[in-house]
Amino acid sequence: MKQISKITTVFGIIAISALSGCSVKMGHVVPHSAFVYPNSNVKTLGPVAAEKSKTAFFVAPTWEFNDTEEVYNQALAKANGANLLIDYKEDTTFSTFLMFNTINYRIDGTAAKMDVGEKPLGQ
Amino acid sequence: MYPLARYQEKLRMKMHVITSLCVGLGAVLAFTGCQSSQYIDHSPQTYFDFPNSNVKPIGPVKVEVPGPSGFFKPPDMITSDSDQTVYAAAIKAQPGANLIVNYTKIYKAYSFFPFTWSKLQLQGTACSMDVGTQVLKQ
């Protein structure tokens with residue numbers, strides 16, 4: 001009976017651990033999403049955010065370049081005329097729960113419009 | 001005492017001393033905490049600098065703030081929230097500043113099972129950025 005009780009306890013702990021899942025988040029604040037021409041004027045348009053998630057069973061989901069492009073385009077589309085993101089948070093969360101693995105990529109910052117011109121230079 | 005009993009008594013005492021030493025060392029380590037990892041980054045600027053602006057340095061800044069903590073897992077300290085927290089503390093430390101340039105940040109994680117915690121440090125130059133409009137040919 002004692003043996004069965006010990007085995008049951010161990011399995012119980014493993015089950016609780018498996019059911020609770022695990023999540024890891026990494027990210028940073030990025031000053032600008034694209035090259036900013038020194039011969040330009042930049043005007044802020046307002047806050048925007050976008051995210052995308054991908055889930056796979058048993059294996060890690062694959063994240064491609066176009067997935068990142070899609071998120072940036074979604075964020076820019078939320079502000080009319082925006083062609084740049086500035087001072088934005090960029091975070092990637094990898095979570096796992098009952099063999100389901102999910103990647104979530106999120107950006108949250110300020111949309112801006114960059115007007116490129118030409119500034120007079122002395123020689 | 002019989003020789004065997006004397007030997008067993010000596011062994012029991014040795015085990016007791018070794019166990020006490022291990023428990024003591026463990027308690028010292030547990031109470032002081034152990035630094036488990038570090039993240040170091042050197043970057044030119046914390047925030048976007050408008051090309052249509054004038055940036056003026058104000059002075060050096062150095063800050064340390066508590067970071068995120070965890071339970072049974074390492075703290076999620078390398079995140080945008082940590083960056084925002086330490087950048088805000090650095091800006092606040094220098095009146096008139098709205099940008100930090102040429103900075104180094106160090107994020108340190110500590111653990112005392114099952115608890116984990118972190119510290120966020122930043123050192124750099126605080127600046128004031130005044131945004132305007134530059135005259136450009138179209």
Side-chain angles (χ1 to χ4, degrees), chain A residues 13 16-18 20-45 47 49-51 71 75 82-96 104-122, chain B residues 37 39-55 67-91 98-103 105-107 109 114 116 118 120 122 124 127 129-138:
Chain A
I13 290 168
I16 288 165
S17 308
S20 60
C22 175
S23 161
V24 173
K25 183 179 173 183
M26 286 189 76
H28 55 161
V29 167
V30 187
H32 48 103
S33 60
F35 175 69
V36 176
Y37 290 78
N39 44 310
S40 71
N41 281 306
V42 173
K43 187 180 156 189
T44 57
L45 297 174
E51 65 182 311
V71 177
N83 54 10
L84 181 69
L85 285 177
I86 64 170
D87 297 334
Y88 64 99
K89 293 161 68 171
E90 180 187 45
D91 290 288
T92 307
T93 308
F94 184 84
S95 45
T96 179
N104 175 274
Y105 177 78
R106 181 181 168 85
I107 54 177
D108 188 339
T110 305
K113 182 170 164 50
M114 173 175 58
D115 287 317
V116 183
E118 195 179 324
K119 59 183 173 189
L121 299 173
Chain B
S37 64
Y39 166 74
I40 303 156
D41 179 49
H42 180 82
S43 293
Q45 62 201 88
T46 54
Y47 298 123
F48 176 67
D49 60 316
F50 288 74
N52 42 308
S53 71
N54 283 314
V55 175
S69 53
F71 187 65
F72 276 113
K73 62 169 223 161
D76 285 334
M77 66 178 185
I78 310 174
T79 63
S80 59
D81 289 334
S82 293
D83 281 357
Q84 269 199 339
T85 303
V86 76
Y87 293 171
I91 296 281
N98 53 10
L99 177 69
I100 310 289
V101 301
N102 304 330
Y103 71 94
K105 65 184 182 215
I106 302 177
Y107 295 170
T116 58
S118 57
L120 315 175
L122 185 146
C127 295
M129 175 175 62
D130 289 318
V131 183
T133 306
Q134 54 181 340
V135 177
L136 301 171
K137 288 190 283 185
Q138 292 298 331

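Letters A, B, ... mirror the listed sequences (proteins, then strands); counts begin at 1. Side-chain atoms are counted along with the backbone in the values below, which use heavy atoms only and exclude waters and symmetry mates. Computed from a predicted model, the values in this text were never measured in an experiment.
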Considering only heavy atoms, which portion of V42(A) lies under 4.5 Å from any heavy atom of chain B: side chain, backbone, both, or neither?
both
Scanning both residues in full, the closest heavy-atom pair of K25(A) with D76(B) reads N-OD1, 3.5 Å
For residues P75(B) and P68(B), report the shortest heavy-atom separation together with the two atoms involved.
CB-O, 3.3 Å
Given heavy-atom pairs under 4.5 angstrom as the criterion, report whether the side chain, backbone, both or neither of Y87(B) touches chain A.
side chain
Does any heavy atom of chain A fall under 4.5 Å from the side chain of T46(B), the backbone, both, or neither of them?
backbone
Looking at [atom1] of [X] and [atom2] of [Y], how far apart are the two atoms once the value is rounded to the nearest 0.5 Å?
| X | Y | atom1 | atom2 | answer |
| --- | --- | --- | --- | --- |
| Q84(B) | Y47(B) | CD | OH | 6.5 Å |
| I91(B) | L99(B) | CD1 | CG | 6.5 Å |
| I100(B) | Q45(B) | CD1 | CD | 12.0 Å |

Flag the one option from D91(A), V24(A), V30(A) with the top tally of heavy-atom pairs under 4.5 Å to chain B.
D91(A)
So which residue, T44(A), I86(A), T92(A), ends up with the most heavy-atom pairs under 4.5 Å with chain B?
I86(A)
Side chain to side chain contact (heavy atoms under 4.5 Å, CB included) between M77(B) and S37(B): does it pass, once the steps are laid out?
CA-CA 11 Å; M77(B) 66 178 185; S37(B) 64; 4.0 Å; yes
Between the side chain of S82(B) and the main-chain N/O of I78(B), is any donor-acceptor distance below 3.5 Å?
no
Close approach to chain B in residues 108-117 of chain A, criterion heavy atom under 4.5 Å
D115(A), V116(A), G117(A)
Output the residues of residues 130-138 of chain B for which the shortest heavy-atom distance to chain A is under 4.5 Å, in residue-number order; output 'none' if no such residue exists.
T133(B), Q134(B), V135(B), L136(B), K137(B), Q138(B)
If we only count heavy atoms from C-beta on, is the K105(B) to Y39(B) side-chain gap below 4.5 Å?
yes
Is there side-chain contact between Y107(B) and D83(B), with at least one heavy-atom pair below 4.5 Å?
yes
Scan for side-chain hydrogen bond (donor to acceptor under 3.5 Å, both in side chains) pairs involving residues 27-41 of chain A, sequence neighbours excluded, and state none if there are none.
H28(A)-E90(A)
Run the salt bridge (Lys or Arg N to Asp or Glu O under 4.0 Å) test against K119(A) and tell me which residues pass, sequence neighbours left out.
none
If you draw a 6.0 Å radius around CG in N54(B), do more than 12 non-hydrogen atoms from other residues or ligands fall strictly inside?
no
